[in-house]
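Comments concern the structure below.
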Amino acid sequence: MKVARVRRSFFEGEPLEVGRSLIGMELGSDLSKSGCGGLIVETEVYMGPEDRASHAWKARRTARTEVLFGPRGYSYVFQIYGMHYCFNVVSSPEGVGEAVLIRALEPTEGIELMEKRRHTYVRRSLCSGPGKLVRAMGITRALNGTSLIDTYSASTRLYLLPATDTAFDIITTTRIGITQGADLPYRFYVKGSLYISRK
DNA sequence: GCTGGGATCGCCT
DNA sequence: GGCGATCCCAGCG
């Protein structure tokens, strides 16, 4: 049983530091009594109203982004390109809208289940992208607004565990797939990892 | 009310 | 490397 989840205070740091600190942590899901998860090897930070790439740009709120403007430590899951989903963790206090996008995992648990969900046995491709890891982990829009901190209960089925192995270097670079704010160094990944979405 | 673009992925050449 | 799939929402009228 996973119990040592991260605490709310983890998300109270400076946004870019939170994004960087998530590297090496374990993200897991325990859905339908079948756990799976992996080590976070790639993240991107989306700032609040001032970040043109952020859904919180101009502090515009919609039904879709409501969770993004909620309290820290909750999952923000949204659909992209009509067919994929992205998973974020809200890292700002209520009303601000900063979040960290989880972009890639090194698979560690429930590999067979993730292979089944992804229809591939290629380990390095299982979770090497935001849409891929969401599919592999069984994360759906139903998990939008799920707490990732402190308590573990029947309704909180996603968890984050502190990094156990921190013997890696982190590369800081620009975010992927955006046009606005494309020059900002808000992306982090594990140097040399086989499991990142792109160099 | 219509149109175009988006924090993607997998298949094609 | 290029492209289509396919939904949400912003911008325009």
Checklist outcome for this item: Closest heavy-atom pair, A/L22 versus A/T43, reported as atoms and distance to 0.1 Å, is CB-CG2, 4.2 Å
Item to check | Check: A/H55 ring centroid to A/Y46 ring centroid under 6.0 Å | outcome: no
Checklist entry - For the ring pair A/Y74 and A/Y76, is the centre-to-centre distance below 6.0 Å? => result no
Checklist entry - Quick one: CG on A/L105 to CD1 on A/I40, what's the gap to the nearest 0.5 Å? => result 6.5 Å
Checklist entry - Between atom CG in A/L126 and atom P in B/dG10, what is the gap in whole Å? => result 10 Å
Next on the checklist: Work out how far the P atom of B/dT13 is from that of C/dA5, and round it to whole angstrom.
Outcome noted: 15 Å
Checklist entry - Given atom NE2 of A/H84 and atom P of B/dT8, what is their separation to the nearest angstrom? => result 9 Å
Checklist entry - CZ of A/R52 versus C1' of C/dA10: gap in Å, rounded? => result 13 Å
Next on the checklist: Does a side-chain N or O of A/R141 approach OP1 or OP2 of C/dC8 to a distance below 4.0 Å, or not?
Outcome noted: yes
Checklist entry - Roughly, in whole Å, what's the span from CE in A/M83 to C1' in B/dC11? => result 12 Å
Checklist outcome for this item: Expected string for nucleotides 2-7 of chain B under the B/S/- scheme (protein heavy atoms, under 4.0 Å, primed atoms plus P, OP1, OP2 as sugar-phosphate) is ----BB
Checklist entry - Is there a donor-acceptor pair closer than 3.5 Å between any side-chain N or O of A/T65 and the backbone N or O of A/R61? => result no
Next on the checklist: Taking Watson-Crick (N1-N3 plus N6-O4 or O6-N4) and G-U wobble (N1-O2, O6-N3), each under 3.5 Å, can you produce the dot-bracket string of DNA chain B? Use [ ] for crossing pairs and | for inter-strand ones.
Outcome noted: ||||||.|||||.
Next on the checklist: What's the separation between atom CD in A/E98 and atom CZ in A/F69, rounded to the nearest 0.5 Å?
Outcome noted: 10.5 Å
Item to check | Whole angstrom value for the distance that separates C1' of C/dC9 from CH2 of A/W57 | outcome: 17 Å
Next on the checklist: It should be established whether A/R118 places a side-chain nitrogen or oxygen under 4.0 Å from OP1 or OP2 of nucleotide B/dG10.
Outcome noted: yes
Checklist entry - So, is A/K132 close to the B/dG10 phosphate, meaning a side-chain N or O under 4.0 Å from OP1 or OP2? => result yes
Checklist entry - Do you know the tightest heavy-atom contact between A/V45 and A/R175? => result O-NH1, 3.0 Å
Item to check | A/I139 and A/V77: CA distance, side-chain angles, deciding distance, side-chain contact (heavy atoms from CB on, under 4.5 Å) verdict | outcome: CA-CA 8 Å; A/I139 295 172; A/V77 180; 4.0 Å; yes
Checklist entry - So A/R20 and A/T172, side-chain hydrogen bond (donor to acceptor under 3.5 Å, both in side chains) or not? Walk me through it. => result CA-CA 9 Å; A/R20 169 181 284 270; A/T172 303; 2.8 Å; yes
Checklist entry - How far, in whole Å, is C/dC8 from B/dG10 if one measures between their C1' atoms? => result 22 Å
